[in-house]
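Structure provided below as structure tokens; questions to follow.
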Protein chains: 2
Amino acid sequence: MEDVAAAAGVSRSSVSRVFLGQGKVSDATRARVFAIAEQLGYVPNIMASELASRGSSVVGLLLRDAANPAYGLLFTKLQEAAHEAGITLISMTISSDLRGSRQIDSLNRLMGMRVAGLIVATGGVTSAQLEPFRDRIPIIRAGRPEESGRIHAVSYDERISARALAAHVADQGHRSVAVIVTQEHASYPEYIRATGMAAELAARGVRIVPVPAVEFTDGADEAVDLVRRREVTAVMCPSDLRALHLLRRLDAAGLSAPGDVSVSGCDGILPGIDLLGLTSYRIGVERLAERTIANIAALIGDEPPQRIVRELIAGRLLSGATVAPPLEQEPR
Amino acid sequence: MEDVAAAAGVSRSSVSRVFLGQGKVSDATRARVFAIAEQLGYVPNIMASELASRGSSVVGLLLRDAANPAYGLLFTKLQEAAHEAGITLISMTISSDLRGSRQIDSLNRLMGMRVAGLIVATGGVTSAQLEPFRDRIPIIRAGRPEESGRIHAVSYDERISARALAAHVADQGHRSVAVIVTQEHASYPEYIRATGMAAELAARGVRIVPVPAVEFTDGADEAVDLVRRREVTAVMCPSDLRALHLLRRLDAAGLSAPGDVSVSGCDGILPGIDLLGLTSYRIGVERLAERTIANIAALIGDEPPQRIVRELIAGRLLSGATVAPPLEQEPR
DNA sequence: CTGAAAGCGCTTACAG
DNA sequence: CTGAAAGCGCTTACAG
């Protein structure tokens, strides 16, 4: 900056004003400074700038495994929305198979960078861990149910999706259905979905066989057994990835959907899901990203909202070929 | 920091040393400082720290649309490898449908943050645009052929993958094959793949019908026509997403693979690709991420390698059901 | 419209 | 092992 100022024959103050685009600067000076800067390849040091101005325009994003299509799309949409809102997002990913310590690590790193706000799109960080920073900067949970009630959140409406899927399966005439229930501690969203599905099925008088699961591959073989023994005519999975795995195991067992059993997933993001014909629920990623950015922008803005943000985003049912009326048993 | 120092009864220098873990500090002081810091919720300001030490440990990552499974996985794997190498990655995504200006924007922002190095995983930034920063910080292109020869690169070996796929199709007995050729300016990697496929087919005496494409959906309907007119018995696509789209169009036309035509893609990342039975080539994302991080670590390290890094990463053929011998025509 | 000077939160020789 | 002081690259009142 010193060099630019010298070459342009002005003070550092003026160079600063030119780049900030604020304060009064003559057109001549402005043009000269820009020209020299361009020529010298000068790019202002954002760190120094923010340090001096005590302001930060960057928002931190704590993301889960972007290899998961649902998180990858969310990431992309958040970036897009942020860019449009003039917000720079800096992100760190947490692999889903890594435990707590590393997530905290990332959280601290982001805090150390003095981000103006934080978007948490992973369940790996608990509300309790967020709490100490809560009155330091605005924090918003994105895409995941937030229990505490003290942290802002824009979440998918898992209850609606669970109900829509369960209603669809029940409407096809299934009277005995297996539901793969991810344990609460393993994946809270999946847990909510699964219990929501079970509740809706129960309300419709459908018999439910819960299949507990923790790991991604859990429950599939057990479900296959249930199908073999003709105990159920449909299996509901709390995510598309789990449904895919079930389809693989069914295939290995010489069974298929919907011929031998109806299968449903949830997410609806996977490219090619239409070709597979998987019945699912397309979560509203785009809208969620939009609302998350709109809220964080307001929260880090001049007049932050007084109340805790708490929005629910709905999606839409994707009715595919893998769910059909049960064949032999239970004629209607 | 001042507060922590005061509360601990030491100077800021000592607090600094404790957090940097360098220099001699008595165990008593260390313990006291950590305790107070914890209690006060003090997290060192990384920006200030780096400004003062003139060093940066963060590496910038310019990524393409993470919603694309291939980029999403790359992103995740890069993060993992970086974390293991003690490198903090800060990333900005570029939506594939946004043009130049925004990419430069992100590039400047990253430079403004004074990152220690840069990983460019998008073709949207040209070598020429990178050139001005080339002698400022180490820059490495990841996952994409880099033409300039002046920028470090760890790329997928697109020629190998193209050849493997083409050889596989030819080996099945196809003698007339359509190849969807993405134009060079639209997607360079796809262009390299397509021309590589065509070259290998030609070398094996197979007749080639090139179908030019720019947009993601281009070429599919033309390919369907070729199949209808029995001009080709196979269609090779330069990416799985294009292959998926072709399968959709075939389906809409009442045709299917491999019954009416063999279809191949390339990438092999998509979850569920096995269920679809798509013949593809699984690119070596994990290894590429590993090598990229290893190289950037060396480049920003004490003794950077003298020569331009130029590595090629191979993957493996995924032979699926969508490629089979041609049925009626061309009996062997 | 412009410049000199203080200060942002740290690190780092340099003395002790 | 520890502290005082200068400095990192900027911004921002405050004077002019």
Side-chain angles (χ1 to χ4, degrees), chain A residues 1-37 40-58 88 108-116 133 136-137, chain B residues 1-37 40-58 60 88 108-116 133 136-137 302:
Chain A
M1 186 183 212
E2 183 77 67
D3 297 347
V4 175
V10 295
S11 69
R12 283 156 40 206
S13 313
S14 292
V15 176
S16 175
R17 289 188 190 100
V18 167
F19 274 94
L20 291 179
Q22 62 187 216
K24 302 282 94 182
V25 194
S26 75
D27 289 350
T29 327
R30 185 189 322 284
R32 197 142 30 90
V33 167
F34 274 139
I36 305 263
L40 266 49
Y42 169 71
V43 180
N45 184 325
I46 298 181
M47 327 275 272
S49 161
E50 299 197 332
L51 183 57
S53 67
R54 300 110 161 301
S56 168
S57 63
V58 331
T88 297
N108 273 317
R109 206 118 66 182
L110 251 15
M111 291 305 297
M113 288 188 169
R114 295 293 187 272
V115 292
F133 306 113
R136 220 115 110 190
I137 57 170
Chain B
M1 185 182 212
E2 183 77 66
D3 296 348
V4 174
V10 296
S11 69
R12 281 157 39 208
S13 312
S14 293
V15 175
S16 174
R17 288 187 191 102
V18 167
F19 273 94
L20 293 179
Q22 62 186 216
K24 300 283 95 184
V25 193
S26 74
D27 289 350
T29 328
R30 185 190 322 284
R32 196 143 30 89
V33 167
F34 273 139
I36 305 264
L40 265 50
Y42 168 71
V43 180
N45 183 324
I46 297 180
M47 327 273 273
S49 161
E50 298 198 331
L51 183 56
S53 66
R54 303 105 164 303
S56 166
S57 63
V58 330
T88 296
N108 273 318
R109 207 118 68 182
L110 251 15
M111 290 305 298
M113 289 187 168
R114 294 294 188 272
V115 292
F133 306 113
R136 220 115 112 190
I137 56 170
D302 297 327

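The basis for the numbers below is simple: all heavy atoms, side chains too, and nothing from hydrogens, waters or symmetry mates. Lettering of chains follows the sequences in order, A, B, ..., and the numbering in each one begins at 1.
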inquiry  = Below 4.0 Å from chain B heavy atoms, what is the first contacting nucleotide of DNA chain C and what is the last?
reply    = dG9(C) to dA13(C)
ask   = Base, sugar-phosphate, or nothing for S14(B), non-hydrogen atoms under 4.0 angstrom?
value =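 Sugar-phosphate, backbone atoms only, no base.
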ask   = Reckon Y42(B) touches a base, only the sugar-phosphate, or nothing at all at heavy-atom distances under 4.0 Å?
value = sugar-phosphate
query = Start at the 5' end of DNA chain D and walk down; is the nucleotide closest to E50(A) or to S26(B) reached first?
reply =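 Closer to the 5' end of DNA chain D: S26(B).
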Distance between P atoms of dA13(D) and dG9(D) (Å, rounded) =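 Each nucleotide's P atom is 23 Å from the other's.
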ask   = Under 4.0 angstrom, heavy atoms only, what part of the nucleic acid is I46(B) near: base, sugar-phosphate, or nothing?
value = nothing
task = Would you check if the side chain of R136(B) reaches a backbone N or O of G41(A) as a donor-acceptor pair within less than 3.5 Å?
result = yes
message = Looking at E50(A), is its backbone amide N or carbonyl O close enough to the side chain of R114(A) to form a donor-acceptor pair, meaning the two atoms are under 3.5 Å apart?
response = no
task = Find out whether V58(B) and I46(B) are in side-chain contact, i.e. whether some heavy atom of one side chain is under 4.5 Å from a heavy atom of the other.
result =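 Heavy-atom side-chain distance check fails, nothing below 4.5 Å.
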query = With a 4.0 Å cut-off on heavy atoms, is V15(B) in touch with a base, just the backbone sugar-phosphate, or nothing at all?
reply =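 The residue V15(B) makes no contact with any strand.
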query = Is the backbone N or O of L51(B) less than 3.5 Å from a side-chain atom of R54(B), with the two atoms forming a donor-acceptor pair by type?
reply = no
inquiry  = Nearest heavy atom decides the nucleotide; on that basis, is N45(B) or R17(B) closer to the 5' end of DNA chain C?
reply    = N45(B)
ask   = Are side-chain heavy atoms of F19(B) and V33(B) found at a separation under 4.5 Å?
value =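 Of all side-chain heavy-atom pairs linking V33(B) with F19(B), at least one is under 4.5 Å.
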inquiry  = Students often get this wrong, so: under 4.0 angstrom with heavy atoms, is R114(A) touching a base, only sugar-phosphate, or nothing?
reply    =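 Contact class for R114(A): sugar-phosphate only.
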Nearest-nucleotide 5' precedence on DNA chain D, L20(A) against A48(B) =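 Comparing both residues, the 5'-ward one is A48(B).
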ask   = Can you tell me the Watson-Crick or wobble partner of dG16(D), both distances under 3.5 angstrom?
value =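 dC1(C) is the nucleotide pairing with dG16(D).
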task = Using modelled atom types only, decide if a donor and an acceptor are shared between the side chain of R30(A) and the backbone of V25(A) within a distance under 3.5 Å.
result =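 Judged by distance alone, yes, a pair lies under 3.5 Å.
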message = Taking the nucleotide of DNA chain C with the nearest heavy atom to each, does S13(A) or D27(A) sit closer to the 5' end?
response = D27(A)
inquiry  = Side chains of D3(A) and Y42(A), heavy atoms from C-beta outward: is any pair under 4.5 Å?
reply    =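 Not in contact.
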key: Inter-nucleotide P distance (dC10(C), dC14(C)), Å rounded   =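 dC10(C) and dC14(C) have their P atoms separated by 24 Å.
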